[in-house]
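Okay, structure first, notes after.
Chain identifiers are assigned alphabetically (A, B, ...) following the order of the sequence lines, protein sequences preceding nucleic acid strands; residue numbering begins at 1 within each chain.
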2 protein chains.
Amino acid sequence: MGRRTIRNMEEFAALIGISRPTLSKYFHDPDSVRQSTRARIESAVERYDYRPNFFAMNQNRKLTKNIGIVVPYLADPFFAEIVRVIERQCISAGFSPTVFSSHGETELENDILDTLRSLKLAGALLAPLGRVSDKSAIETFCENVPTVLFDSNLEGMGEAFVGSDNHSFVEQTVQYLCRTGEPPCFYEMRNPANPNANKRRNAYIAVMEEMGLEPQFVRIDGQGWEFEEIGREGGLKVLREKSLPTNTVLCSNDRLAIGFLSACYENGVSVGRGNDCELRVASHDDHPFSKFTCPSLTTAAHDYAAVSDQAVETLFRLIESGGRFDTRTETQFPARLIMRESA
Amino acid sequence: MGRRTIRNMEEFAALIGISRPTLSKYFHDPDSVRQSTRARIESAVERYDYRPNFFAMNQNRKLTKNIGIVVPYLADPFFAEIVRVIERQCISAGFSPTVFSSHGETELENDILDTLRSLKLAGALLAPLGRVSDKSAIETFCENVPTVLFDSNLEGMGEAFVGSDNHSFVEQTVQYLCRTGEPPCFYEMRNPANPNANKRRNAYIAVMEEMGLEPQFVRIDGQGWEFEEIGREGGLKVLREKSLPTNTVLCSNDRLAIGFLSACYENGVSVGRGNDCELRVASHDDHPFSKFTCPSLTTAAHDYAAVSDQAVETLFRLIESGGRFDTRTETQFPARLIMRESA
DNA sequence: AACAAAATTTTACGCGCGCAAATTTTCCAG
DNA sequence: CTGGAAAATTTGCGCGCGTAAAATTTTGTT
């Protein structure tokens, strides 16, 4: 609707009949100007469709309202879902989140961190790749940008860590499975990239030994992030070779379990907790699709809401504290057992 | 490892012993400076870990190398997957892609477009919300930013459209199902947000009538983007009421089908193409998880590679053409039938 | 060794806005 | 009506880099 296009804030201010610094102040915080002035500005913004230049705006600002969100693999529904929630919370709080995915690659993660560093972020929420992360690159990043780690913890990096308590996941599933049937073997990738996988393995060993039982592993081959396919191939193999040591399988994560269940179905192996079933399968994560597997998957759920709330809230506190905490805190939320049909 | 931190390009240039404009030229295109100069610069970049200020860089540039990617719902694995591929291609071509998700909300889509407009994008790849998109907002955006639409077509908007041919999807599934058994009914949401859903419905009607068959619909209620849950609830309802008009169900998309299959499993309804099965189920999209459903899902697949390749390639051509095409082109790739176990 | 072409340097200006200090105007209560 | 605080304005500088034109150096060729 604007008669002509506005070049800059100077012109726009003149058009409204106020000074540029006042306008600048308005864009920085609409409540910092008088109500009548604000109304005039806002009606003019409507009419002329003016927006301040993003780059000029951020160039001289001490601190921007930009937040960087980095996850290892955005095509994983688990991360997609948690990012979805976190993004919304940042927007609600008046920040501008930007999402990046490392696509499972160390080099890309480093590139993203480099890009982010030049963005004068107010803060960053970083879920690192884990084992394949370039530790020194992440350390350098955290020194330059107020960062809260989530999902995967890297010893001492960032101002805080928020995630789930892997021990709690495994403890609940193992105890439940032992209480209701044969003790489970642990189905996992031989070389998992994610540090959470190692923690789950260790938790499994600890819980089993505590109960006086011997840990048993089914380790499958595979690289990359296509966990369903890896879980399926591994499942087809162990079913063909009949090498499962027990009738109860505890998968390290839901994506592996989804693949494993598909292998069971294909081989006509009945899964469930009924007496007529050959196998019980449980897992961890409460993946968005675990409700729709056949049978539906018994799993230990992340407290998605608590993790994302806490991560975001911690970051906001960090930003308000000027980017540094006195002591690094680690928050880990316990899991919640979701009993469905598979075990 | 730098002794001190470099403030700006001036300082950095002095440190290397070259002029600032040469350095600027290098960052714009490393091949535009002499080989020996380039080597000196690059070794210094390593040593001092200097990066030009992102905001100052983009402020006066005529054209940036930034590309905006917008999808309606990033937590949908279909979009997550296609974004993953597109993002990589942009990076390989030397661009800086930034991904945004509209989270299924009109208002958020508009906000994103506003943000993007102030980013001086070289170009944008936009998959609009569809029915709930603010058409005028999208039109304004496309007038200001070189845009290629993908996935959902909006009449006349953007410089080009790249997507899949919905008619081809439905034609192949319907013909296959009719050839091998009872004609399918069409299982869909009553009020789908995505325009592709309407096109699939119309294609179903057309193909059925062409074969002299009467189209039959199963329309289920539900709002939002949780298609699996909607498909499941709808499935439980029709199975309870025994209101399926045929023994063959063609779902509008895979996510509905995933929910429907889960409802079938729960009700003990056997799905598959065997003689002992009660129901056949097929669908469209070749969702990343459709291979792992039980039974695995027979579906019409997007040519993911072709769509993303073509979308990206079209955008690059558009950018090189200065942001405008003489005529708006629409490219639609045919589907490929993937026969699995469900039908 | 001379010379044209390519690369680099010098010089100079501008982008659009942040920000700070001092001044003026506006507002509300007494 | 008046005083004082809050809000708005004026003034002016600076950010870090893009970019253009002209002058200079380097490079490769005959």
**OP:** Give the ring-plane orientation class for B/Phe95 versus B/Phe316, where under 30° counts as parallel, over 60° as perpendicular and anything between as tilted.
**Re:** parallel

**OP:** Could you label the plane-to-plane angle of the B/Tyr48 and B/Phe12 rings as parallel, tilted or perpendicular, counting under 30° as parallel and over 60° as perpendicular?
**Re:** perpendicular

With a 3.5 Å cut-off and sequence neighbours excluded, list the donor-acceptor pairs that the side chains of residues 155-164 of chain B form with protein atoms.
from     : atom 1 : to       : atom 2 : distance (Å)
B/Glu159 : OE1    : B/Phe325 : N      : 3.1
B/Glu159 : OE2    : B/Arg324 : NH1    : 2.9
B/Ser164 : OG     : B/His302 : ND1    : 2.7

Subject >> Distance in Å, A/Phe54 CZ paired with B/Thr115 OG1, rounded so as to fall on 0.5 Å steps >> reply: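 Result: 8.0 Å between the selected atoms.
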
Original post:
Heavy-atom distance under 4.5 Å between the side chains of B/Phe150 and B/Leu126, does that happen here?
Top reply: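 A side-chain contact is absent here, since even the closest heavy-atom pair is not under 4.5 Å.
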
Original post:
Under the side-chain hydrogen bond (donor to acceptor under 3.5 Å, both in side chains) test, which residues partner A/Asn58, sequence neighbours left out?
Top reply: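 For A/Asn58, no residue satisfies side-chain hydrogen bond (donor to acceptor under 3.5 Å, both in side chains) once neighbours in sequence are set aside.
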
Integer-rounded Å distance: [N] [atom2] and [X] [atom1]:
X: B/Phe12; N: D/dC15; atom1: CZ; atom2: P; value: 19 Å
X: A/Met9; N: D/dT9; atom1: CE; atom2: P; value: 11 Å
X: B/Asn58; N: D/dG18; atom1: CG; atom2: P; value: 9 Å
X: A/Asp29; N: C/dC17; atom1: CG; atom2: C1'; value: 17 Å
X: A/Asn53; N: C/dC15; atom1: CG; atom2: P; value: 12 Å
X: A/Lys25; N: C/dA20; atom1: NZ; atom2: P; value: 12 Å
X: A/Asn8; N: C/dG18; atom1: CG; atom2: P; value: 12 Å
X: A/Glu10; N: D/dG12; atom1: CD; atom2: P; value: 13 Å

**OP:** Report the residue (B/Gln59 or B/Ser19) whose heavy-atom-nearest nucleotide on DNA chain C is the more 5′ of the two.
**Re:** B/Ser19

Subject >> Phosphate contact (C/dG18 OP1 or OP2) by A/Tyr26 side-chain N/O below 4.0 Å >> reply: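 No.
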
Subject >> B/S/- contact track for nucleotides 19-29 of chain D, protein heavy atom under 4.0 Å >> reply: B------SS--

